[in-house]
**Q** 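The structure under discussion is supplied below as structure tokens; questions concerning it will follow.
Quick caveat, the model's predicted, so the values are computed rather than measured.
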Amino acid sequence: MMWDARRDADRQSSEDGVPDGSLSDGVLSEAPASASARPAAAAPGLLRLIRALAEDDRVGAIGLAEHAVERHVTAFSKADQAIALDVLLRDLACLQGFAPHLKGFISRVEGHIDRLHRGLARGRREHRESRAATP
């Protein structure tokens with residue numbers, strides 16, 4: 001039988017008391033209603049997917065989680081991407097509190113988020129410098 005992260009995450013979320021919902025509605029298709037919407041919380045589907053991938057502990061799971069994070073963040077405007085990353089870090093810290101046995105996996109995802117954050121900061125700095133150099 002093939003492994004299905006969505007099925008496992010939905011099952012896990014119902015065991016944890018998290019309202020049921022399809023991951024396909026959360027991770028890749030959940031975009032803010034408008035481009036100016038501020039992220040208040042990470043997509044619940046994204047957190048369920050990360051937890052399911054961490055629980056399953058298969059080869060390539062970290063790559064899938066990192067890709068899901070990147071897809072989630074790109075749903076926001078450039079100005080809000082740093083905020084979305086901060087919110088995701090907060091929500092991952094909460095997840096780690098509920099599931100401390102996932103600390104290693106979550107720490108690796110947090111490291112990827114940190115790299116994305118640094119990339120955003122570097123991009124903003126380079127943009128400011130190029131604007132300042134233009135007469």
**Q** Apply side chain to side chain contact (heavy atoms under 4.5 Å, CB included) to residues L53 and I62 and explain how you reach the verdict.
**A** CA-CA 8 Å; L53 289 168; I62 193 68; over 6 Å; no
**Q** Yes or no on side chain to side chain contact (heavy atoms under 4.5 Å, CB included) for H117 and D86, after CA distance, side-chain angles and deciding distance?
**A** CA-CA 9 Å; H117 229 308; D86 289 339; 2.7 Å; yes
**Q** Pairs under 3.5 angstrom only: tabulate donor-acceptor contacts from the side chains of residues 94-114 to other protein residues two or more places apart or in another chain.
**A**
| from | atom 1 | to | atom 2 | distance (Å) |
| --- | --- | --- | --- | --- |
| H101 | NE2 | E55 | OE2 | 3.0 |
| S107 | OG | K103 | O | 2.8 |
| H112 | NE2 | E70 | OE2 | 2.8 |
| D114 | OD2 | R118 | NE | 3.0 |
| D114 | OD2 | R118 | NH2 | 3.3 |

**Q** What I'd like to find out is whether the side chain of L46 reaches to under 4.5 Å of the side chain of D91, using heavy atoms alone.
**A** no
**Q** Could you pull out the closest heavy-atom pair between L49 and A68, with the gap in Å?
**A**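 The pair with the smallest heavy-atom distance is CD2-CB, 3.8 Å.
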**Q** Counting C-beta onward and ignoring hydrogens, is there a side-chain heavy-atom pair between L85 and L89 closer than 4.5 Å?
**A**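 With C-beta onward as the side chain, the pair stays apart.
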**Q** Got a sec, which pairs hit salt bridge (Lys or Arg N to Asp or Glu O under 4.0 Å) with one end in residues 59-68, sequence neighbours left out?
**A** E66-R115
**Q** To the nearest 0.5 angstrom, please state how far the CG atom of L116 sits from the CG atom of L120.
**A**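 Rounded to the nearest 0.5 Å, the CG-CG separation comes out at 7.0 Å.
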**Q** Using a 4.5 Å cut-off on heavy atoms from C-beta on, say whether the side chain of R51 contacts that of R48.
**A**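 Answer no - side chains too far apart.
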